[in-house]
Number of protein chains: 2
Amino acid sequence: MYDVAERSGVSIATVSRVYRNPDSVRAQTRDRVLEAARALGYVPSGNARGLASRTTGVLGLCFPDYSDPDAETEAEADDTYDDSAVMLYSDQIIRGMERAARRHGYALLIAASLKGGPESLVAKVAGRVDGFAVLARTVPTEDLEVISRRLPVVMLAGPREIDHLDHIEVANSDGERELTRHLIRDHGLRGLVFVGGEKDSPDAEARFRGFRDACAEAGLPVPDEPDLRAVMMTQAEGERAAEALLDRADQDGGRPQAMLFANDQMAIGALHALERRGVRVPEDIAVAGFDGIPLSRMVRPALTTVRQPIRRLGEEAVELLVQRLAEPTREPVSLMLPVSVTRRASCGCG
Amino acid sequence: MYDVAERSGVSIATVSRVYRNPDSVRAQTRDRVLEAARALGYVPSGNARGLASRTTGVLGLCFPDYSDPDAETEAEADDTYDDSAVMLYSDQIIRGMERAARRHGYALLIAASLKGGPESLVAKVAGRVDGFAVLARTVPTEDLEVISRRLPVVMLAGPREIDHLDHIEVANSDGERELTRHLIRDHGLRGLVFVGGEKDSPDAEARFRGFRDACAEAGLPVPDEPDLRAVMMTQAEGERAAEALLDRADQDGGRPQAMLFANDQMAIGALHALERRGVRVPEDIAVAGFDGIPLSRMVRPALTTVRQPIRRLGEEAVELLVQRLAEPTREPVSLMLPVSVTRRASCGCG
DNA sequence: GCCTAGGGTGAATGCGCTTTCATGACACAC
DNA sequence: GTGTGTCATGAAAGCGCATTCACCCTAGGC
């Protein structure tokens with residue numbers, strides 16, 4: 001910048017103005033500066049700019065690191081590669097945030113939490129953005145506590161761990177209840193089983209609660225626990241779960257009339273397993289998922305599911321950040337995004 | 001930081017060392033500093049750090065802004081929403097880069113080029129990262145010329161516009177040639193038609209060249225132009241293209257034996273159109289795409305395609321950046337990533 | 001003729017950190 | 001006792017920019 005100033009015979013203040021506020025500089029001067037900048041290959045330092053102006057024009061996103069980055073190459077080579085739900089999930093959030101951020105003139109800095117570093121990730125992101133979003137269970141609550149004192153943080157999908165933070169969640173419980181109601185009421189199904197996730201997955205648990213509520217409403221037996229729990233909730237686990245439930249049914253004598261899964265990945269796996277076993281969907285058994293991932297529409301039969309506005313989650317996160325940036329003192333906001341039951345062939349609709 | 005230093009009775013230099021090089025500080029001092037930092041809610045400024053150390057720990061990605069961010073909400077609500085190829089494409093690159101960047105301890109800054117701003121995007125990204133990747137046709141060549149004098153830039157997918165830059169492309173032409181050969185040689189198909197993209201899409205053009213080469217090899221008529229050109233190469237365009245080709249065939253009398261599309265999205269659209277028209281795939285006609293997107297495996301019949309290592313593109317980009325950061329003076333590298341023909345049901349295999 | 005207003009520009013300060021370089025405090029060997 | 005390292009720390013000089021304030025110049029009003 002000093003070089004540019006010298007070459008064009010102005011002061012650095014003027015060079016700065018050319019970039020920050022072009023109209024305040026005479027056109028002739030401006031052109032001279034711009035030309036010098038080009039000749040010198042001048043690239044304004046975002047760091048210096050950020051330091052001086054105390055704002056970066058960047059928003060951040062921290063998401064969990066479920067997948068092992070080193071397993072990458074292997075998976076890539078495999079045609080039956082199973083895109084995990086988490087992966088699709090963060091992709092969509094990234095896209096949502098990126099879009100919304102762009103609309104507001106922000107760039108997006110993304111980083112998956114590396115479990116290794118002490119606070120490496122958060123520190124790196126937090127120090128470099130005007131505000132950021134955190135996926136549930138990504139950053140230790142105590143760190144968030146500290147950071148949120150300095151800049152806006154919004155928590156995504158999951159319980160609100162810190163009261164004074166903005167927070168967005170999805171109506172998991174409502175959605176699953178609605179879906180279950182549909183199966184019971186509109187299709188007259190009775191023997192319902194639910195495949196959930198681990199206990200510490202807030203989403204999966206909320207969905208199970210919705211399932212239970214609907215069962216209770218309908219006067220059906222109310223389970224204390226999901227019939228099965230999956231760990232990563234992958235397609236492969238869904239296949240195994242479906243087979244396990246079928247095996248169990250063969251022993252018990254009574255095959256369930258509907259299998260509900262805590263996410264679409266598992267439900268799609270189940271579809272495969274059922275096809276192999278010669279069990280027809282939806283004639284012999286209904287299947288439903290949760291999430292509304294693109295694949296759910298492509299499989300045959302198309303999967304009945306609950307569409308979750310994941311991308312909107314990302315977009316709303318940005319909106320909240322932008323709003324808080326504009327008005328730092330306003331009350332913390334907690335949004336719950338609505339979901340919608342998508343009825344397709346796998347439950348007997350469409 | 002000054003506050004932390006004061007509160008813990010040390011100098012700012014020591015506070016800095018606690019974060020940069022913890023071992024060089026006595027454990028007792030370190031603990032005092034860390035405690036003070038926690039009490040004060042201290043978050044190191046990435047900007048200041050970057051300014052002083054002349055390195056950010058962030059890599060960047062600029063990708064094109066094909067989709068209109070404001071059309072978002074509408075599209076989201078539509079169950080038949082057509083994920084465009086471009087969208088999936090950039091998602092995968094982002095993921096690839098993110099993974100690789102993480103492995104090397106970098107975060108990732110992403111920004112789609114906003115056509116509006118003068119150089120807003122690039123300037124924003126370029127000034128904030130240690131190096132970055134650019135998708136073809138995203139940033140004006142002249143800007144790249146300037147920026148690349150200051151920091152490492154790698155060009156992705158597309159012709160190498162600037163000689164001294166690192167560059168990665170995908171063997172589009174080889175892949176399509178291989179695929180076409182397969183159809184001609186292994187399935188004995190003859191009447192082949194090709195649906196391409198616009199002339200200024202380097203990928204689509206390269207694929208068409210591969211198609212032509214294979215036709216020439218086999219002694220078949222060699223077309224000068226694709227039989228049809230799509231603009232955005234979406235699924236909807238694929239449907240229309242298939243119908244147009246069918247209509248044309250009805251007039252000519254001779255239906256083609258195989259339809260090749262410049263990407264999977266169009267091929268999948270074609271599958272739908274053919275099904276509607278009662279044309280059986282692959283019995284009546286073979287269909288093939290290009291890209292190897294996840295959907296290509298899910299559709300029925302499963303789509304024969306050329307798998308493109310998009311994610312690897314992102315990963316390799318990061319590798320190249322990291323290498324150049326380590327050794328700035330080394331010769332520019334130009335990689336061509338291999339692709340592989342994936343034979344599935346839509347050509348008569350599997 | 002002088003005075004004023006305002007647009008265009010420069011000098012100087014500080015943003016919060018990293019990084020020499022210098023200093024002090026010891027421990028050890030001579 | 002003096003010399004020679006070593007380790008822990010402090011002082012101070014930037015890093016590249018935004019921004020305030022003061023200044024100059026010109027045009028306009030009287």
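Keep in mind that what you see is a predicted model, and the values were worked out from it rather than measured. Sequence lines set the chain letters: A, B, ... in the order given, protein chains first and strands last, and positions in each chain run from 1.
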Does Arg26(A) make a side-chain N or O approach to OP1 or OP2 of dG8(C) shorter than 4.0 Å? no
Gly46(B) near the nucleic acid: base, sugar-phosphate alone, or nothing, with a heavy-atom cut-off under 4.0 Å? nothing
Report the distance from atom OH of Tyr19(B) to atom P of dC17(C), rounded to the nearest whole Å. 9 Å
Per atom distances to the Met1(B) side chain, the nearest of dG10(D), dT9(D), dC17(C) is dC17(C)
What contact category does Val10(B) fall into here, base, sugar-phosphate, or nothing, at under 4.0 angstrom with non-hydrogen atoms? sugar-phosphate
Do Glu145(A) and Arg149(A) sit within salt-bridge range, that is, some charged N less than 4.0 Å from a carboxylate O? no
Distance only, no hydrogens: is a donor on one side chain within 3.5 Å (strictly under) of an acceptor on the other, for Glu161(B) and His167(B)? no
dG14(D) P sits how many Å from Leu51(A) CG, rounded? 17 Å
Proximal nucleotide (of dT19(C), dC15(D), dG16(C)) relative to the Arg54(B) side chain: dC15(D)
Closest to the Ser45(B) side chain: dT20(D), dG16(D), dC17(C)? dC17(C)
Between dG16(D), dT19(D), dC17(C), which nucleotide gets closest to the side-chain atoms of Tyr2(B)? dC17(C)
Taking the side chain of Ser11(B) as its heavy atoms from C-beta onward, which of dC17(D), dA11(D), dA18(D) lies nearest to it? dA11(D)
Among dT9(D), dG14(C), dT9(C), which nucleotide sits nearest the side chain of Thr14(B)? dT9(D)
Atom-to-atom span, CG of Asp3(A) to P of dG16(D) - whole angstrom: 9 Å
What contact category does Gly127(B) fall into here, base, sugar-phosphate, or nothing, at under 4.0 angstrom with non-hydrogen atoms? nothing
Check whether the side chains of Thr56(B) and Arg128(A) place a donor and an acceptor atom closer than 3.5 Å, and report yes or no. no
So does Ser16(B) get a side-chain nitrogen or oxygen closer than 4.0 Å to the phosphate oxygens (OP1/OP2) of dT18(C)? yes
With a 4.0 Å cutoff (strictly under), does any side-chain N or O of Tyr42(A) reach OP1 or OP2 of dC17(D)? yes
5'-most contact on DNA chain C (nearest-nucleotide basis), Asn47(B) vs Arg17(B), goes to Asn47(B)
Let me spell it out: for each of Val25(B) and Arg20(A), pick the nucleotide of DNA chain D with the closest heavy atom. Which residue's pick is nearer the 5' end? Val25(B)
Find the distance Gln28(B):CD to dC7(D):P and express it as a whole number of Å. 18 Å
Is any side-chain N or O of Thr29(A) closer than 4.0 Å to OP1 or OP2 of dT9(C)? yes
Before you tell me yes or no, could you show the steps for Leu108(A) and Ile94(B) under side chain to side chain contact (heavy atoms under 4.5 Å, CB included), namely the whole-Å CA-CA distance, both residues' side-chain angles and the distance that decides it to 0.1 Å? CA-CA 12 Å; Leu108(A) 185 65; Ile94(B) 290 172; over 6 Å; no
note: Arg32(A), atom CZ; dG8(C), atom C1'; distance rounded to Å ~ 12 Å
Interatomic distance, Ile168(A) atom CD1 to Met336(A) atom CE [nearest 0.5 angstrom]: 12.0 Å
Given dT18(C), is OP1 or OP2 found less than 4.0 Å from the side-chain N or O atoms of Arg49(B)? yes
dT19(D) phosphate, OP1 or OP2, under 4.0 Å from Ser53(A) side-chain N/O: no
Report the distance from atom CG of Asn21(A) to atom P of dC17(D), rounded to the nearest whole Å. 17 Å
Test side chain to side chain donor-acceptor pair (under 3.5 Å), reference Arg312(B), set Gln308(B), Glu316(B), Glu315(B), output is Glu316(B)
